[in-house]
Amino acid sequence: MQRSISLCSLFLLLLFVPQTAMSAPAAGKVRSALGIVERQKVKKKDWTRLSTNMNVYQSDRVRTGLESQVVVGLTDGSLITIAENAEVELASLLEETEKGAFRTRIDVKKGFINFAVEKQTPKSTFEFKTVNATAAIRGTNGFIGSDGETVYASLATGKLDVKLDKGGSMPISAGETIFGNENLVTMKLASSGKTKFAKEVRKILSSGEKDVEKLKRRIEQADSAFQVEEMSNSGMSGFNITTSSPVEVCDEGLTIEGTYVAKNSGDALVISVGKEFTSENLMRVADGGEHSFSQKISISDANNLWNEKEAKVSMISDGVESSKIVELHVNKGCQGVNKTPPTIKFLSYDSIGCQMNLSVGDMQNDAGILVASKNGASFAEEVLTRNEQKRFKLDPGVYTYEFVVSDQAKNKASFKKSLGCYPMKRFNIEVYGKAHEILKIPPPPVGMQDKIVKTLQFKVKNPENDPVFLHKVTVKQNGKVILQETLNQIQSLDYDVPVDLVRRAQNKFDIEVIHKSGFKAKAQKIFEVN
(Lines give C-alpha, C1' and ligand atoms only; values in the text may rest on other atoms or scores of the structure.)
Protein backbone atom coordinates (compact mmCIF):
# COMPACT_ATOMS: atom_id res chain seq x y z
CA MET A 1 0.00 0.00 0.00
CA GLN A 2 2.79 2.33 0.82
CA ARG A 3 4.50 1.51 -2.50
CA SER A 4 1.35 2.45 -4.43
CA ILE A 5 1.10 5.74 -2.65
CA SER A 6 4.70 6.54 -3.50
CA LEU A 7 4.19 5.85 -7.20
CA CYS A 8 1.04 7.93 -7.25
CA SER A 9 2.74 10.78 -5.48
CA LEU A 10 5.58 10.66 -7.97
CA PHE A 11 3.14 10.79 -10.87
CA LEU A 12 1.35 13.80 -9.36
CA LEU A 13 4.67 15.51 -8.74
CA LEU A 14 5.69 15.11 -12.37
CA LEU A 15 2.45 16.71 -13.49
CA PHE A 16 3.40 19.90 -11.65
CA VAL A 17 7.04 20.01 -12.84
CA PRO A 18 7.40 22.83 -15.41
CA GLN A 19 7.84 21.45 -18.89
CA THR A 20 10.86 23.68 -19.48
CA ALA A 21 12.71 21.96 -16.71
CA MET A 22 12.72 18.76 -18.73
CA SER A 23 15.65 18.37 -21.09
CA ALA A 24 14.71 18.58 -24.79
CA PRO A 25 16.49 16.13 -27.07
CA ALA A 26 19.61 17.48 -28.74
CA ALA A 27 19.17 18.27 -32.43
CA GLY A 28 22.84 18.47 -33.23
CA LYS A 29 26.38 18.25 -31.97
CA VAL A 30 29.45 20.44 -32.38
CA ARG A 31 31.83 18.55 -34.66
CA SER A 32 34.61 21.14 -34.36
CA ALA A 33 35.09 24.58 -32.84
CA LEU A 34 37.92 26.94 -33.68
CA GLY A 35 38.69 30.18 -31.86
CA ILE A 36 35.95 32.05 -30.03
CA VAL A 37 32.62 30.19 -30.27
CA GLU A 38 29.80 31.01 -27.85
CA ARG A 39 26.23 29.93 -27.26
CA GLN A 40 23.26 31.73 -25.74
CA LYS A 41 20.44 29.48 -24.63
CA VAL A 42 16.81 30.45 -25.03
CA LYS A 43 15.60 33.02 -22.46
CA LYS A 44 19.15 33.44 -21.15
CA LYS A 45 21.25 36.57 -21.28
CA ASP A 46 24.66 35.09 -20.76
CA TRP A 47 26.86 33.74 -23.52
CA THR A 48 28.84 30.58 -22.69
CA ARG A 49 31.58 28.82 -24.51
CA LEU A 50 30.60 26.17 -27.05
CA SER A 51 33.16 23.42 -27.56
CA THR A 52 33.66 20.30 -29.64
CA ASN A 53 31.27 17.39 -28.84
CA MET A 54 28.79 19.66 -27.03
CA ASN A 55 25.12 19.32 -27.99
CA VAL A 56 23.09 22.14 -29.54
CA TYR A 57 19.36 22.61 -29.15
CA GLN A 58 16.51 24.31 -30.88
CA SER A 59 16.45 28.12 -30.32
CA ASP A 60 20.13 28.24 -29.35
CA ARG A 61 22.03 31.28 -30.55
CA VAL A 62 25.62 30.78 -31.69
CA ARG A 63 28.18 33.46 -32.42
CA THR A 64 31.79 33.39 -33.54
CA GLY A 65 34.70 35.78 -33.20
CA LEU A 66 37.47 36.83 -35.57
CA GLU A 67 39.21 33.90 -37.29
CA SER A 68 36.78 31.53 -35.62
CA GLN A 69 34.25 29.02 -36.85
CA VAL A 70 32.12 26.14 -35.63
CA VAL A 71 30.83 23.07 -37.47
CA VAL A 72 27.49 21.70 -36.27
CA GLY A 73 26.29 18.26 -37.34
CA LEU A 74 22.54 17.66 -37.31
CA THR A 75 21.00 14.31 -36.54
CA ASP A 76 19.94 13.84 -40.20
CA GLY A 77 23.57 14.08 -41.34
CA SER A 78 23.48 17.73 -42.49
CA LEU A 79 26.45 19.97 -41.65
CA ILE A 80 26.29 23.68 -40.84
CA THR A 81 29.55 25.69 -40.67
CA ILE A 82 29.17 29.08 -39.01
CA ALA A 83 31.93 31.36 -40.32
CA GLU A 84 33.89 34.00 -38.43
CA ASN A 85 32.21 37.13 -37.05
CA ALA A 86 28.78 35.59 -37.51
CA GLU A 87 25.70 35.20 -35.35
CA VAL A 88 23.11 32.51 -35.99
CA GLU A 89 19.89 31.40 -34.28
CA LEU A 90 19.00 27.73 -34.57
CA ALA A 91 15.30 28.63 -34.72
CA SER A 92 14.02 25.15 -35.59
CA LEU A 93 16.14 22.04 -35.77
CA LEU A 94 14.46 18.97 -37.25
CA GLU A 95 11.17 19.92 -35.62
CA GLU A 96 8.60 17.26 -36.48
CA THR A 97 5.54 18.77 -38.16
CA GLU A 98 3.83 15.50 -39.00
CA LYS A 99 4.83 11.89 -39.12
CA GLY A 100 8.01 11.55 -41.20
CA ALA A 101 8.19 15.32 -41.93
CA PHE A 102 10.52 17.78 -40.26
CA ARG A 103 11.06 21.52 -40.30
CA THR A 104 14.45 23.19 -39.93
CA ARG A 105 15.00 26.92 -39.99
CA ILE A 106 18.29 28.65 -39.26
CA ASP A 107 18.28 32.44 -38.89
CA VAL A 108 21.51 34.10 -40.05
CA LYS A 109 21.58 37.32 -38.04
CA LYS A 110 25.05 38.39 -39.18
CA GLY A 111 27.78 37.05 -41.43
CA PHE A 112 27.45 33.84 -43.40
CA ILE A 113 27.28 30.10 -42.98
CA ASN A 114 28.31 27.20 -45.18
CA PHE A 115 25.95 24.29 -45.44
CA ALA A 116 25.92 20.72 -46.69
CA VAL A 117 22.30 19.66 -46.31
CA GLU A 118 21.13 16.09 -46.79
CA LYS A 119 18.25 15.46 -49.16
CA GLN A 120 14.95 16.15 -47.42
CA THR A 121 11.88 13.94 -47.34
CA PRO A 122 9.01 15.13 -49.58
CA LYS A 123 7.12 17.01 -46.85
CA SER A 124 10.15 18.28 -44.91
CA THR A 125 11.47 21.85 -45.20
CA PHE A 126 14.93 23.28 -44.65
CA GLU A 127 15.17 27.09 -44.69
CA PHE A 128 17.72 29.78 -44.03
CA LYS A 129 16.44 33.19 -42.93
CA THR A 130 18.47 36.40 -43.25
CA VAL A 131 17.46 39.94 -42.27
CA ASN A 132 15.67 40.46 -45.59
CA ALA A 133 15.24 37.11 -47.33
CA THR A 134 14.39 33.45 -46.97
CA ALA A 135 16.10 30.61 -48.83
CA ALA A 136 14.58 27.15 -49.14
CA ILE A 137 16.55 24.06 -50.06
CA ARG A 138 15.90 20.34 -50.42
CA GLY A 139 19.46 19.08 -50.40
CA THR A 140 22.54 20.98 -51.49
CA ASN A 141 25.78 22.63 -50.36
CA GLY A 142 26.99 26.19 -50.57
CA PHE A 143 26.84 29.33 -48.45
CA ILE A 144 24.36 32.05 -47.50
CA GLY A 145 24.70 35.29 -45.57
CA SER A 146 23.82 38.95 -45.21
CA ASP A 147 25.69 42.18 -44.56
CA GLY A 148 22.59 43.68 -42.91
CA GLU A 149 21.07 45.00 -46.14
CA THR A 150 22.14 42.70 -48.93
CA VAL A 151 21.53 38.97 -48.99
CA TYR A 152 23.96 36.70 -50.81
CA ALA A 153 23.97 32.98 -51.50
CA SER A 154 26.03 30.62 -53.61
CA LEU A 155 25.82 26.95 -54.54
CA ALA A 156 28.38 24.32 -55.37
CA THR A 157 25.66 21.69 -55.92
CA GLY A 158 21.89 21.41 -55.80
CA LYS A 159 19.22 24.09 -55.98
CA LEU A 160 18.14 27.00 -53.82
CA ASP A 161 15.13 29.35 -53.93
CA VAL A 162 15.82 32.84 -52.55
CA LYS A 163 12.81 35.03 -51.73
CA LEU A 164 13.10 38.65 -50.62
CA ASP A 165 10.86 39.85 -47.79
CA LYS A 166 9.93 42.88 -49.94
CA GLY A 167 8.83 40.59 -52.75
CA GLY A 168 10.62 38.97 -55.62
CA SER A 169 12.33 35.59 -55.75
CA MET A 170 15.00 33.87 -57.77
CA PRO A 171 15.99 30.19 -58.03
CA ILE A 172 19.67 29.35 -58.45
CA SER A 173 21.46 26.13 -59.30
CA ALA A 174 24.92 24.66 -58.91
CA GLY A 175 27.67 27.07 -59.97
CA GLU A 176 25.55 30.19 -59.44
CA THR A 177 25.87 33.06 -56.98
CA ILE A 178 23.10 35.53 -56.13
CA PHE A 179 22.98 38.85 -54.28
CA GLY A 180 20.66 41.82 -53.82
CA ASN A 181 18.35 43.73 -51.49
CA GLU A 182 15.55 45.10 -53.65
CA ASN A 183 16.41 43.16 -56.79
CA LEU A 184 18.34 39.91 -57.06
CA VAL A 185 21.33 39.48 -59.38
CA THR A 186 22.44 36.02 -60.46
CA MET A 187 25.99 35.30 -61.63
CA LYS A 188 27.53 32.14 -63.05
CA LEU A 189 30.88 31.78 -61.26
CA ALA A 190 33.42 28.97 -61.07
CA SER A 191 33.99 29.56 -57.34
CA SER A 192 30.31 29.39 -56.35
CA GLY A 193 29.67 27.63 -53.06
CA LYS A 194 33.25 27.65 -51.79
CA THR A 195 34.01 28.92 -48.30
CA LYS A 196 37.06 31.02 -49.18
CA PHE A 197 35.12 32.68 -51.98
CA ALA A 198 32.29 33.40 -49.53
CA LYS A 199 34.70 35.52 -47.47
CA GLU A 200 35.53 37.62 -50.54
CA VAL A 201 31.85 38.08 -51.44
CA ARG A 202 31.09 39.18 -47.88
CA LYS A 203 33.97 41.67 -47.95
CA ILE A 204 32.84 43.14 -51.29
CA LEU A 205 29.18 43.49 -50.32
CA SER A 206 30.11 45.08 -46.99
CA SER A 207 32.34 47.70 -48.64
CA GLY A 208 29.54 50.28 -48.92
CA GLU A 209 29.48 50.22 -52.72
CA LYS A 210 25.90 50.60 -54.03
CA ASP A 211 26.48 50.40 -57.78
CA VAL A 212 25.34 46.91 -58.85
CA GLU A 213 27.53 46.82 -61.95
CA LYS A 214 30.63 47.70 -59.94
CA LEU A 215 29.75 45.03 -57.37
CA LYS A 216 29.38 42.46 -60.13
CA ARG A 217 32.76 43.36 -61.60
CA ARG A 218 34.46 43.10 -58.22
CA ILE A 219 32.84 39.72 -57.54
CA GLU A 220 33.94 38.50 -60.99
CA GLN A 221 37.49 39.62 -60.26
CA ALA A 222 37.42 37.83 -56.91
CA ASP A 223 36.17 34.69 -58.65
CA SER A 224 38.96 34.93 -61.23
CA ALA A 225 41.63 35.49 -58.58
CA PHE A 226 40.32 32.55 -56.54
CA GLN A 227 40.46 30.30 -59.58
CA VAL A 228 44.04 31.29 -60.39
CA GLU A 229 45.06 30.57 -56.81
CA GLU A 230 43.41 27.17 -56.94
CA MET A 231 45.00 26.39 -60.31
CA SER A 232 48.37 27.47 -59.00
CA ASN A 233 48.00 25.10 -56.07
CA SER A 234 46.89 22.27 -58.36
CA GLY A 235 49.30 22.98 -61.23
CA MET A 236 46.49 23.66 -63.74
CA SER A 237 46.64 26.46 -66.37
CA GLY A 238 44.55 29.58 -65.95
CA PHE A 239 44.65 33.37 -65.70
CA ASN A 240 43.28 36.28 -63.72
CA ILE A 241 42.78 39.91 -64.79
CA THR A 242 43.68 42.43 -62.10
CA THR A 243 42.79 45.47 -64.20
CA SER A 244 39.42 46.82 -63.12
CA SER A 245 36.68 46.74 -65.74
CA PRO A 246 35.56 49.00 -67.32
CA VAL A 247 38.80 50.78 -68.13
CA GLU A 248 38.69 54.53 -68.78
CA VAL A 249 41.02 54.99 -71.75
CA CYS A 250 42.61 58.42 -72.25
CA ASP A 251 46.03 59.83 -73.18
CA GLU A 252 47.94 57.09 -71.40
CA GLY A 253 46.28 54.41 -73.54
CA LEU A 254 45.18 51.02 -72.30
CA THR A 255 47.12 48.74 -69.96
CA ILE A 256 45.78 45.30 -69.05
CA GLU A 257 47.47 43.43 -66.23
CA GLY A 258 46.93 40.16 -64.44
CA THR A 259 48.40 36.84 -63.45
CA TYR A 260 48.56 33.44 -65.10
CA VAL A 261 49.47 29.85 -64.38
CA ALA A 262 50.84 27.73 -67.24
CA LYS A 263 51.56 24.02 -66.97
CA ASN A 264 53.16 23.42 -70.37
CA SER A 265 55.11 25.37 -72.96
CA GLY A 266 52.32 25.05 -75.52
CA ASP A 267 49.96 27.29 -73.52
CA ALA A 268 49.29 30.79 -74.87
CA LEU A 269 47.82 33.98 -73.44
CA VAL A 270 46.89 36.80 -75.84
CA ILE A 271 44.96 40.07 -75.68
CA SER A 272 42.95 41.32 -78.64
CA VAL A 273 41.15 44.61 -79.27
CA GLY A 274 38.84 44.46 -82.27
CA LYS A 275 40.30 43.20 -85.55
CA GLU A 276 43.23 45.59 -85.56
CA PHE A 277 45.24 44.43 -82.55
CA THR A 278 46.34 41.06 -81.18
CA SER A 279 49.24 40.82 -78.78
CA GLU A 280 52.04 38.30 -78.88
CA ASN A 281 51.95 35.39 -76.44
CA LEU A 282 52.20 37.00 -73.00
CA MET A 283 53.22 33.78 -71.25
CA ARG A 284 56.93 33.65 -70.47
CA VAL A 285 57.12 30.80 -67.95
CA ALA A 286 55.27 27.46 -67.92
CA ASP A 287 56.22 25.97 -64.57
CA GLY A 288 52.77 25.64 -62.95
CA GLY A 289 53.42 28.66 -60.74
CA GLU A 290 51.69 32.03 -60.70
CA HIS A 291 53.28 34.79 -62.82
CA SER A 292 52.22 38.30 -63.82
CA PHE A 293 51.55 39.76 -67.26
CA SER A 294 51.11 43.33 -68.51
CA GLN A 295 50.23 44.64 -71.96
CA LYS A 296 50.10 48.30 -73.00
CA ILE A 297 47.96 49.09 -76.05
CA SER A 298 47.65 52.37 -77.90
CA ILE A 299 44.00 53.26 -78.46
CA SER A 300 43.41 56.04 -80.99
CA ASP A 301 41.66 57.04 -84.16
CA ALA A 302 44.97 56.65 -85.96
CA ASN A 303 44.98 52.87 -85.43
CA ASN A 304 41.20 52.42 -85.79
CA LEU A 305 40.75 51.20 -82.21
CA TRP A 306 38.96 54.14 -80.66
CA ASN A 307 35.49 52.73 -81.41
CA GLU A 308 36.13 49.41 -79.69
CA LYS A 309 34.05 48.68 -76.58
CA GLU A 310 36.01 45.76 -75.14
CA ALA A 311 39.32 43.96 -74.98
CA LYS A 312 39.39 40.16 -74.90
CA VAL A 313 41.95 38.20 -72.89
CA SER A 314 42.19 34.59 -74.09
CA MET A 315 44.11 31.55 -72.92
CA ILE A 316 44.68 28.47 -75.06
CA SER A 317 45.67 25.40 -73.07
CA ASP A 318 45.54 21.79 -74.33
CA GLY A 319 43.60 22.99 -77.35
CA VAL A 320 40.85 24.60 -75.27
CA GLU A 321 40.33 28.37 -75.35
CA SER A 322 38.91 30.32 -72.41
CA SER A 323 38.44 34.08 -72.46
CA LYS A 324 37.39 37.05 -70.34
CA ILE A 325 36.27 40.51 -71.36
CA VAL A 326 37.55 43.88 -70.17
CA GLU A 327 35.05 46.64 -70.93
CA LEU A 328 36.52 49.81 -72.47
CA HIS A 329 35.27 53.37 -72.07
CA VAL A 330 37.35 55.28 -74.65
CA ASN A 331 37.44 59.04 -74.02
CA LYS A 332 37.46 60.71 -77.42
CA GLY A 333 38.06 64.04 -75.72
CA CYS A 334 41.68 63.06 -75.01
CA GLN A 335 44.26 64.16 -77.54
CA GLY A 336 46.20 60.94 -77.04
CA VAL A 337 43.12 59.11 -78.34
CA ASN A 338 41.73 61.68 -80.75
CA LYS A 339 44.95 62.34 -82.64
CA THR A 340 43.68 63.13 -86.14
CA PRO A 341 42.47 66.74 -86.45
CA PRO A 342 39.43 67.47 -88.60
CA THR A 343 39.79 68.96 -92.06
CA ILE A 344 37.79 71.73 -93.68
CA LYS A 345 37.83 72.66 -97.35
CA PHE A 346 36.28 75.43 -99.45
CA LEU A 347 34.34 73.85 -102.32
CA SER A 348 32.40 76.43 -104.30
CA TYR A 349 30.83 79.85 -104.22
CA ASP A 350 27.86 81.47 -105.97
CA SER A 351 27.93 85.25 -105.76
CA ILE A 352 24.52 85.70 -107.39
CA GLY A 353 22.78 82.92 -105.46
CA CYS A 354 24.64 84.20 -102.40
CA GLN A 355 25.79 80.87 -101.03
CA MET A 356 28.99 78.94 -100.52
CA ASN A 357 29.77 75.27 -99.94
CA LEU A 358 32.43 73.62 -97.81
CA SER A 359 33.27 70.10 -96.68
CA VAL A 360 34.38 68.78 -93.29
CA GLY A 361 36.45 65.59 -93.09
CA ASP A 362 38.10 63.29 -90.54
CA MET A 363 35.06 63.60 -88.28
CA GLN A 364 33.66 60.11 -88.77
CA ASN A 365 32.81 58.52 -85.39
CA ASP A 366 33.82 61.80 -83.75
CA ALA A 367 31.86 64.87 -82.74
CA GLY A 368 32.65 68.55 -83.01
CA ILE A 369 31.46 72.09 -83.60
CA LEU A 370 31.60 74.17 -86.77
CA VAL A 371 31.59 77.91 -86.16
CA ALA A 372 31.06 80.44 -88.97
CA SER A 373 31.90 84.11 -88.58
CA LYS A 374 31.65 87.23 -90.76
CA ASN A 375 34.13 90.04 -90.27
CA GLY A 376 34.99 88.51 -86.88
CA ALA A 377 31.41 88.15 -85.63
CA SER A 378 29.96 84.65 -85.27
CA PHE A 379 26.70 84.07 -87.13
CA ALA A 380 26.30 80.26 -87.13
CA GLU A 381 27.28 77.28 -84.99
CA GLU A 382 26.54 73.64 -85.83
CA VAL A 383 27.26 70.32 -84.16
CA LEU A 384 28.90 67.70 -86.38
CA THR A 385 28.98 63.95 -85.78
CA ARG A 386 30.33 62.77 -89.15
CA ASN A 387 31.99 63.87 -92.36
CA GLU A 388 29.65 66.06 -94.37
CA GLN A 389 29.24 68.99 -96.73
CA LYS A 390 27.68 72.21 -95.49
CA ARG A 391 26.11 75.18 -97.31
CA PHE A 392 25.98 78.69 -95.90
CA LYS A 393 23.96 81.70 -97.03
CA LEU A 394 25.96 84.87 -97.66
CA ASP A 395 24.84 88.37 -96.88
CA PRO A 396 24.75 90.94 -99.70
CA GLY A 397 28.09 92.70 -99.98
CA VAL A 398 31.69 91.68 -99.58
CA TYR A 399 32.80 90.25 -96.25
CA THR A 400 35.62 88.17 -94.83
CA TYR A 401 34.21 84.83 -93.81
CA GLU A 402 35.99 82.40 -91.48
CA PHE A 403 34.98 78.80 -90.77
CA VAL A 404 36.51 76.88 -87.83
CA VAL A 405 35.80 73.23 -86.98
CA SER A 406 36.99 71.61 -83.72
CA ASP A 407 36.59 68.01 -82.53
CA GLN A 408 36.08 66.56 -79.05
CA ALA A 409 39.79 66.82 -78.27
CA LYS A 410 39.87 70.51 -79.35
CA ASN A 411 41.84 69.72 -82.52
CA LYS A 412 41.01 72.49 -85.01
CA ALA A 413 41.01 73.30 -88.70
CA SER A 414 39.89 76.52 -90.43
CA PHE A 415 39.93 78.66 -93.53
CA LYS A 416 39.28 82.36 -94.17
CA LYS A 417 38.05 83.85 -97.42
CA SER A 418 36.68 87.13 -98.73
CA LEU A 419 33.35 86.46 -100.45
CA GLY A 420 30.81 88.70 -102.10
CA CYS A 421 27.08 88.37 -102.48
CA TYR A 422 25.44 90.26 -105.35
CA PRO A 423 21.78 89.38 -105.81
CA MET A 424 20.22 90.31 -109.17
CA LYS A 425 18.45 93.71 -108.94
CA ARG A 426 17.48 96.28 -111.58
CA PHE A 427 19.00 99.77 -111.46
CA ASN A 428 19.55 102.72 -113.77
CA ILE A 429 22.00 105.48 -114.68
CA GLU A 430 21.03 109.11 -114.16
CA VAL A 431 22.71 111.46 -116.66
CA TYR A 432 22.71 115.13 -115.65
CA GLY A 433 21.22 117.61 -118.05
CA LYS A 434 19.17 116.93 -121.15
CA ALA A 435 19.73 113.74 -123.06
CA HIS A 436 20.46 115.86 -126.19
CA GLU A 437 22.13 119.19 -125.54
CA ILE A 438 22.87 121.76 -128.28
CA LEU A 439 25.75 124.02 -127.39
CA LYS A 440 26.23 127.39 -128.99
CA ILE A 441 29.89 128.15 -128.70
CA PRO A 442 31.45 130.84 -130.92
CA PRO A 443 34.54 129.85 -132.85
CA PRO A 444 37.91 130.85 -131.42
CA PRO A 445 39.94 133.79 -132.73
CA VAL A 446 41.94 133.23 -135.85
CA GLY A 447 45.05 131.31 -135.10
CA MET A 448 43.75 129.72 -131.93
CA GLN A 449 42.99 125.98 -131.54
CA ASP A 450 39.31 125.16 -131.76
CA LYS A 451 39.09 122.94 -128.63
CA ILE A 452 35.78 122.45 -126.90
CA VAL A 453 35.86 120.74 -123.46
CA LYS A 454 32.75 119.65 -121.60
CA THR A 455 32.03 117.53 -118.50
CA LEU A 456 29.88 114.45 -118.83
CA GLN A 457 28.11 113.96 -115.52
CA PHE A 458 26.17 110.87 -114.49
CA LYS A 459 25.30 108.84 -111.39
CA VAL A 460 24.93 105.08 -111.03
CA LYS A 461 21.83 104.44 -108.97
CA ASN A 462 22.26 100.81 -107.86
CA PRO A 463 20.02 99.56 -105.01
CA GLU A 464 22.90 98.96 -102.64
CA ASN A 465 24.22 102.51 -103.18
CA ASP A 466 27.70 101.04 -102.99
CA PRO A 467 30.32 100.88 -105.76
CA VAL A 468 31.57 97.53 -104.48
CA PHE A 469 28.60 95.89 -106.20
CA LEU A 470 29.73 97.13 -109.64
CA HIS A 471 31.76 95.03 -111.99
CA LYS A 472 32.49 97.45 -114.87
CA VAL A 473 31.78 101.01 -115.93
CA THR A 474 32.37 101.90 -119.62
CA VAL A 475 31.97 105.23 -121.45
CA LYS A 476 32.21 105.39 -125.24
CA GLN A 477 32.34 108.50 -127.44
CA ASN A 478 31.01 107.83 -130.91
CA GLY A 479 31.82 104.13 -130.40
CA LYS A 480 35.33 104.63 -129.03
CA VAL A 481 36.06 103.78 -125.38
CA ILE A 482 37.18 106.83 -123.52
CA LEU A 483 36.72 105.43 -119.92
CA GLN A 484 36.66 101.97 -118.49
CA GLU A 485 36.89 100.95 -114.82
CA THR A 486 36.52 97.49 -113.34
CA LEU A 487 36.08 96.05 -109.82
CA ASN A 488 38.42 97.77 -107.35
CA GLN A 489 39.00 100.64 -109.77
CA ILE A 490 35.40 101.69 -109.26
CA GLN A 491 35.50 103.91 -106.21
CA SER A 492 32.40 106.08 -106.64
CA LEU A 493 28.90 106.10 -108.05
CA ASP A 494 29.16 109.74 -109.21
CA TYR A 495 31.14 110.44 -112.38
CA ASP A 496 32.45 113.73 -113.83
CA VAL A 497 34.14 112.80 -117.07
CA PRO A 498 35.88 115.61 -119.06
CA VAL A 499 35.29 115.13 -122.80
CA ASP A 500 36.49 116.89 -125.99
CA LEU A 501 33.69 117.84 -128.34
CA VAL A 502 33.79 118.25 -132.11
CA ARG A 503 32.16 121.33 -133.69
CA ARG A 504 29.37 120.95 -136.18
CA ALA A 505 28.77 117.29 -135.30
CA GLN A 506 26.94 115.10 -132.85
CA ASN A 507 29.07 113.87 -129.98
CA LYS A 508 27.33 110.71 -128.78
CA PHE A 509 28.34 109.23 -125.43
CA ASP A 510 27.17 105.69 -124.49
CA ILE A 511 27.39 104.71 -120.83
CA GLU A 512 27.21 101.06 -119.73
CA VAL A 513 27.40 99.81 -116.12
CA ILE A 514 27.58 96.08 -115.38
CA HIS A 515 26.56 94.91 -111.90
CA LYS A 516 28.42 91.99 -110.33
CA SER A 517 25.15 90.08 -110.55
CA GLY A 518 25.41 90.42 -114.32
CA PHE A 519 22.67 93.02 -114.74
CA LYS A 520 23.52 95.79 -117.25
CA ALA A 521 22.30 99.38 -117.17
CA LYS A 522 22.75 101.73 -120.13
CA ALA A 523 22.35 105.46 -120.78
CA GLN A 524 23.19 107.91 -123.57
CA LYS A 525 24.09 111.58 -123.81
CA ILE A 526 24.50 113.67 -126.96
CA PHE A 527 26.32 116.98 -127.19
CA GLU A 528 25.92 118.94 -130.40
CA VAL A 529 28.10 122.03 -130.92
CA ASN A 530 27.09 124.69 -133.50
Could you check whether [X] pairs with [Y] (Lys NZ or Arg NE/NH1/NH2 to Asp/Glu carboxylate O, under 4.0 Å)?
| X | Y | answer |
| --- | --- | --- |
| K472 | E485 | no |
| R202 | D147 | no |
| D510 | K522 | no |
| E149 | K210 | yes |
| K203 | E200 | yes |

| query | Angle class for the Y401/F379 ring planes (parallel below 30°, perpendicular above 60°, tilted otherwise)? | reply |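 Judged by the thresholds at 30° and 60°, the geometry between Y401 and F379 is perpendicular.
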Give a yes or no on whether the backbone of [Y] and the side-chain of [X] come within a donor-acceptor separation of less than 3.5 Å.
| X | Y | value |
| --- | --- | --- |
| D301 | K339 | yes |
| S279 | I271 | yes |
| K393 | G353 | yes |
| D267 | K263 | yes |

Taking atom [atom1] of [X] and atom [atom2] of [Y], what is their separation to the nearest 0.5 Å?
| X | Y | atom1 | atom2 | answer |
| --- | --- | --- | --- | --- |
| Y260 | L269 | OH | CG | 8.0 Å |
| E276 | S298 | CD | OG | 12.5 Å |
| K216 | D223 | NZ | CG | 13.5 Å |
| E402 | S414 | CD | OG | 5.5 Å |
| E327 | T243 | CD | OG1 | 14.0 Å |

| message | Between F509 and F458, is the ring centroid distance below 6.0 Å? | response |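 Centroid distance F509-F458: not below 6.0 Å, so no.
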| Sub-4.5 Å side-chain heavy-atom contact between K390 and E382 |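 Yes; the side chains approach each other to less than 4.5 Å.
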Side-chain donor/acceptor pairs under 3.5 Å, residues 420-432, sequence neighbours excluded:
from: Y422; atom 1: OH; to: K516; atom 2: NZ; distance (Å): 3.4

| query | Would F403 and F392 count as a ring pair (Phe, Tyr, Trp, His ring centres under 6.0 Å) if you check the C-alpha gap in whole Å, the side-chain angles of each, and the deciding distance to 0.1 Å? | reply | CA-CA 10 Å; F403 298 88; F392 288 91; 5.0 Å; yes
| task | Keeping to residues at least two apart or across chains, list the side-chain hydrogen bond (donor to acceptor under 3.5 Å, both in side chains) pairs with something in residues 346-357. | result |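 Sorted pair list: S348-N357, N357-R391.
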